[in-house]
Number of protein chains: 2
Amino acid sequence: MARAASTKGNTRIQRQKTKQILDAALEVFSTYGFRGSTIDQIAAQAGLSKPNILYYFDGKEAIHGVLLDRLLHTWLEPLEHLGESDNPVDEICAYVTRKLEMSRDYPRESRLFANEILQGAPNILADLQGPLKSLTDEKCRLIQSWIDEGKIAPLDPHHLIFSIWSTTQHYADFDVQVQAVLGESGADRFATAQTHLDRLFRSMLTPRADHDI
Amino acid sequence: MARAASTKGNTRIQRQKTKQILDAALEVFSTYGFRGSTIDQIAAQAGLSKPNILYYFDGKEAIHGVLLDRLLHTWLEPLEHLGESDNPVDEICAYVTRKLEMSRDYPRESRLFANEILQGAPNILADLQGPLKSLTDEKCRLIQSWIDEGKIAPLDPHHLIFSIWSTTQHYADFDVQVQAVLGESGADRFATAQTHLDRLFRSMLTPRADHDI
DNA sequence: CATAGTCTTGACCATATGGTCAGAAAAAGA
DNA sequence: TCTTTTTCTGACCATATGGTCAAGACTATG
């Protein structure tokens, strides 16, 4: 009867099929973007018929919407865990590591997000200006306090976060380019990236004698 | 009569209209991606009729192809200028600055490129594996020589380049997010980013005493 | 100004795509 | 088993979109 507009989850079959569809949709949307994807593609990927897809979801946009909702949650989580610490440099580097691991383990989510932002974030602009901005501002105040205490080198917290996001997500969003440029030696790209990024941010964050800068 | 398959350029009108169309197409493609864009959109943006667009180009894909060709040239140029220098740190930082300026001045080109890579680079994969890889490898050897001479700190040249690309292009590709997070204070985002990135890469590149690492 | 060549467009076509629907098939209850 | 509910599908519809074409409008030039 009356049920959630876009997410069924009562029956066993409903749970299984919705999951199946969302996984297929993530695969397709993250590869071709929203407008570049078709319900038929999603159906084929999920091994279901098109009308069957539309039996579980109210339309192409509804599927996309559910994916974006879940994505935002997943995406914000690591930053939420950036907390108080005796050693802020390690704390931030741990965040970098975590973000890189997400690029390695959830590249589809990263590309879905990138696609959405690239096209002007038509569906998640409010979330960016609301929850994301709030959380980011909060963490920037924390970082600023570390700077004031002299625990990390002085820098612009917001841009530090942008640098972390961009460098780590690059390995998911631009993986094709990364692999093309690295060629044969690209097999261990995430391991070498980990070493590189840790060194990059550690060297920037570690406070040093005044005369160095 | 016989003329270039996709680029007319003989008559004055031809030059003007092709330019007009390419500019409109860049606007549209960079915003909605290839499959998300329609010839009608491009026509509207260019102030021309759809058949008129198709009079100058052999189809949607041909327009996209021309844009990608030009893009690759424009995109590789800054890296080509990374050359010998007494002060490698300044040289690399100048490259960072140049890349950031390109994000500021040519955001559409950056997004067109990002869209193409995100979707698996179907049209430029060969260029990535060929010219781009060659150029990158060459510059990495140069960077490695600087490392060997002790002029810059030891690091992975390829990943250094990835970090430069990602951090600078982020300000074009993810501008919506950057502005959402920065809010009111985002007006001077490119200026503050410049300061931040210069500091970031300078601190990583500057060699220091062994005991520091 | 007449003519050849260039440019432009309204009308049209074929296909792709999002979405609907009536009814069949399968599960779940009784 | 019989009934009810849920799940599934072939056939279908309306629209959007890439692309064509014949004919008209314009431009340069002899």
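Keep in mind that what you see is a predicted model, and the values were worked out from it rather than measured. A note on names: the letters A, B, ... follow the listed sequences, proteins ahead of strands, and every chain is numbered from 1.
Listed in residue order, the members of residues 30-40 of chain A having a heavy atom less than 4.0 Å from DNA chain C are A/S37, A/T38, A/I39.
There is a side-chain donor-acceptor pair under 3.5 Å between B/Q20 and B/Q16.
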Validation: residues 155-165 of chain B side-chain donor-acceptor distances under 3.5 Å, sequence neighbours left out:
{"residue": "B/D156", "atom": "OD1", "partner": "B/H158", "partner atom": "N", "Å": "3.0"}
{"residue": "B/D156", "atom": "OD1", "partner": "B/H159", "partner atom": "N", "Å": "3.3"}
{"residue": "B/H158", "atom": "NE2", "partner": "B/D137", "partner atom": "OD1", "Å": "2.9"}
{"residue": "B/H159", "atom": "ND1", "partner": "A/Y171", "partner atom": "OH", "Å": "2.6"}
{"residue": "B/H159", "atom": "NE2", "partner": "A/T192", "partner atom": "OG1", "Å": "2.6"}
{"residue": "B/S163", "atom": "OG", "partner": "A/H196", "partner atom": "NE2", "Å": "2.8"}
{"residue": "B/S163", "atom": "OG", "partner": "B/H159", "partner atom": "O", "Å": "3.1"}
{"residue": "B/W165", "atom": "NE1", "partner": "B/Y95", "partner atom": "OH", "Å": "2.8"}

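Nearest approach of B/D173 to A/I117, heavy atoms of both residues: O-CG2, 4.0 Å.
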How does protein reach along nucleotides 20-30 of chain C, written 5' to 3' as B (base within reach of a heavy atom under 4.0 Å), S (only sugar-phosphate), or - (no contact)? BB------S--

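Salt-bridge formation is detected for the pair A/R189/A/D175: a Lys NZ or Arg NE/NH1/NH2 atom is positioned less than 4.0 Å from an Asp or Glu carboxylate oxygen.
Rounded to a whole Å, the OH atom of B/Y55 is 16 Å from the P atom of D/dA22. For the pair A/N52 CG and D/dA11 P, the computed distance is 17 Å after rounding to whole Å. When the P atom of C/dG19 is taken as reference, atom CD1 of A/I42 falls 10 Å away, rounded to whole Å. Per the geometry, CD belonging to B/Q14 stands 11 Å off C1' belonging to C/dG5, to the nearest Å.
More than 12 heavy atoms of other residues, nucleotides or ligands lie within 6.0 Å of CD in B/E101, so this atom counts as buried by the packing criterion.
Between A/L68 and A/L71 there is a side-chain heavy-atom pair separated by less than 4.5 Å.
A/S49 has a side-chain polar atom (N or O) that falls below the 4.0 Å cut-off from OP1 or OP2 of D/dT9. Phosphate contact (OP1/OP2 of D/dC8, side-chain N/O of A/K17, threshold under 4.0 Å): present.
Distance from the side chain of A/K60 is smallest to C/dG19 among D/dT9, C/dG19, C/dT9.
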